[in-house]
Amino acid sequence: MHKVLGDKRAIFVLLGPALLVYSLVMLVPIVWSLFYTVQDGNPITGFTFNGLDNFTKFFQDPAAWDAIFFTLRYALILTALQVIVGYLLSLMYVFWLRKGSGIIRTIVFFPVVLPTVAVALLFQRLFEAAPTVGPVNSFLGILGVQNLDWFGTPDASFWVIIAMDLWRSMGFYAVLLYAGLVDIPDELIESARIDGASGWKLIRTIVLPLSLPVLLSSIIFSINGTLKVFDTVVALTNGGPGNATTPLTLYMFRTSFAYGDYGYGSTIALMLTILCLLFTVFIFRSTRRDLTKD
């Protein structure tokens, strides 16, 4: 093995095909997209160089700012809920259900593997107001609350999207955080309990600090996924009512493929990439500062 890894030609033969595929699938489209950001047009009409006009247009575009506001609001709220609910579920698996948590983990995780379109259809039926009344409005009617048009108002549509994505993803984050919690030595937990730590004090002083690495990974994974939300919104509301639930990804898709403006669509994609990068760097730097202070 050492002889093989020490041979540069052998390394090239082993890594060459993978690097070639990676370059064709990832690097070439990225460079191509960056080229489009300073162009105007599409493959049918042709491209013309327009300098930084696409970036100027982006910062002066009200629809782009609406999409940014929705994307940030959605990402921050859903990330917080995913991590908090997932962490609470993982604590329940470890400290309450313990060895009997296997079935519950499977049931809670099941929505993760369901197709997005199927889940969206389910939630459309649950929150339906017309022509038939869905279970949610029926329940509200029993309580004496008037039926709500959940998909007819921006705020209601937003919270339905949040509820759907939280239901779909909380099982994944529960398992991810559970994997971090089970790595905490049992001897350390028992020693803390002998010293009088229990309940919230045990979690705050022992469990939470030791699970910070997996919590950090979960936050980064969640914020990057939610900033790039696309399929959920398309399947459930298609960006409506109006453009009230249109994220940057959907706005980019429509700009590029519905309106044929590849240059401006690539600019939107670049802005979304920068946004994801800024959030990731901010989380890393904030965590590093906290560790330094401690």
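Numbering of residues begins at 1 and proceeds along the displayed sequence.
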(message) Please determine whether side-chain contact (heavy atoms from CB on, under 4.5 Å) holds for the pair Tyr251 and Tyr264, giving the CA-CA distance in whole Å, both sets of side-chain angles, and the decisive distance to 0.1 Å.
(response) CA-CA 10 Å; Tyr251 187 48; Tyr264 189 45; 3.8 Å; yes
(message) Let's go through Lys57 and Asp261 carefully: what are the C-alpha distance in whole Å and the side-chain angles of both, what is the deciding distance for salt bridge (Lys or Arg N to Asp or Glu O under 4.0 Å) to 0.1 Å, and is it a yes or a no?
(response) CA-CA 12 Å; Lys57 179 180 178 181; Asp261 193 347; 3.5 Å; yes
(request) Mind running side-chain contact (heavy atoms from CB on, under 4.5 Å) on Phe151 and Leu236 for me, showing each step along the way? (result) CA-CA 9 Å; Phe151 300 104; Leu236 189 61; 3.9 Å; yes
(request) For the pair Lys228 and Leu272, evaluate side-chain contact (heavy atoms from CB on, under 4.5 Å) and give the outcome as yes or no after the intermediate values. (result) CA-CA 8 Å; Lys228 295 178 288 189; Leu272 179 59; 4.2 Å; yes
(request) Decide side-chain contact (heavy atoms from CB on, under 4.5 Å) for Phe279 and Asn224; before the verdict, give the C-alpha distance in whole Å, the side-chain angles of both, and the deciding distance to 0.1 Å. (result) CA-CA 8 Å; Phe279 267 95; Asn224 279 279; over 6 Å; no
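Under the 30°/60° scheme for interplanar angles, the aromatic rings of Phe123 and Trp167 are found to be tilted. In this pair, Phe158 and Phe70 present their aromatic rings perpendicular. The plane angle is above 60°, beyond the 30 to 60° band. Ring planes of Phe257 and Phe253: tilted class, angle from 30 to 60°. Ring-plane geometry between Tyr173 and Phe221 is classed as perpendicular, the angle between the planes exceeding 60 degrees on a 0 to 90 degree scale with a lower cut at 30. Classified by interplanar angle (parallel below 30°, tilted 30° to 60°, perpendicular above 60°), the ring pair Phe127/Trp150 is perpendicular.
Between the Glu128 side chain and the Asn137 main chain, no donor and acceptor come within less than 3.5 Å of each other. Between the side chain of Ser286 and the backbone N or O of Ile283 there is no donor-acceptor pair closer than 3.5 Å. Judged purely by atom type and a 3.5 angstrom limit, Ser33 has no side-chain atom pairing as donor or acceptor with the backbone of Pro29.
Pairing each heavy atom of Ser169 with each of Gln82, the nearest pair is OG-NE2, 2.7 Å. Residues Gln60 and Trp65 share a closest heavy-atom pair of N-NE1, 4.4 Å. Pro154 and Pro241 get closest at one heavy-atom pair: N-CG, 3.8 Å. Heavy-atom minimum distance, Val233 versus Pro247: CG1-CD, 3.8 Å. Contact record, Leu250 with Val234: CD1-CG2, 3.8 Å, taken as the closest heavy-atom pair. Smallest separation of non-hydrogen atoms from Pro213 and Pro209: CD-O, 4.3 Å.
By the 4.5 Å heavy-atom criterion applied to side chains, Leu72 and Leu275 are counted as neighbours. Side-chain contact between Tyr178 and Ser101: present, with at least one pair of heavy atoms (C-beta onward) separated by less than 4.5 Å. Using a 4.5 Å heavy-atom cutoff, the side chains of Leu215 and Leu208 are in contact. No side-chain heavy atom of Leu227 sits under 4.5 Å from any side-chain heavy atom of Thr249. Under the 4.5 Å side-chain criterion, counting only non-hydrogen atoms from C-beta, Ile189 is in contact with Val207. Proximity of Asp53 to Asp40: side-chain heavy atoms (C-beta onward) are nowhere separated by under 4.5 Å. In this structure, Ile68 and Thr71 have side chains that are not in contact, with every pair of non-hydrogen atoms separated by 4.5 Å or more.
With a 6.0 Å radius and a threshold of 12 heavy atoms from other residues, nucleotides or ligands, Phe230 has its CZ atom above the threshold. Counting heavy atoms of neighbouring residues, nucleotides and ligands inside a 6.0 Å radius, atom CD1 of Ile103 does not exceed 12 of them.
Linking ILVMFWY side-chain heavy atoms closer than 4.5 Å, directly or via other members, places Leu210 and Leu216 in a single hydrophobic cluster. Cluster membership for Tyr36 and Ile274, using ILVMFWY side-chain heavy atoms within less than 4.5 angstrom, is shared. In the hydrophobic cluster analysis, where Ile, Leu, Val, Met, Phe, Trp and Tyr join through side-chain heavy atoms closer than 4.5 angstrom, Tyr22 is grouped together with Val25. Under the 4.5 Å side-chain heavy-atom criterion for grouping Ile, Leu, Val, Met, Phe, Trp and Tyr, Leu97 is connected to Ile184 within one hydrophobic cluster. The hydrophobic cluster containing Trp96 also contains Val175, counting ILVMFWY residues as joined when their side-chain heavy atoms lie under 4.5 angstrom apart, directly or transitively.
Leu78 contributes atom CG, which lies 4.5 Å from atom CD1 of Ile162 (distance to the nearest 0.5 angstrom). Taking CG of Leu122 as the reference point, atom CE of Met164 lies at 8.5 Å (rounded to 0.5 Å). Atom NZ of Lys201 is separated from atom CD1 of Ile206 by 9.5 Å, given to the nearest 0.5 angstrom. Interatomic distance, CZ of Phe69 versus CG of Leu248, reported as 13.0 Å (0.5 Å rounding). Note that CG of Leu202 is 5.5 Å distant from CZ of Phe95, once rounded to the nearest 0.5 Å. The CG atom of Leu181 sits 11.5 Å away from the OH atom of Tyr93 when rounded to the nearest 0.5 Å.
For the residue pair Thr245/Ser157, the side-chain donor-acceptor check at 3.5 Å is not satisfied. Side chain to side chain, Thr246 and Asp66 fail the donor-acceptor criterion of an N or O pair below 3.5 Å. At a cut-off of 3.5 Å, with distance as the only test, no side-chain donor of Tyr87 or Ser218 sits close to an acceptor on the other residue.
For the side-chain contact (heavy atoms from CB on, under 4.5 Å) test with Thr255, the passing option among Asp61, Ile268, Thr267 is Ile268; the others fail.
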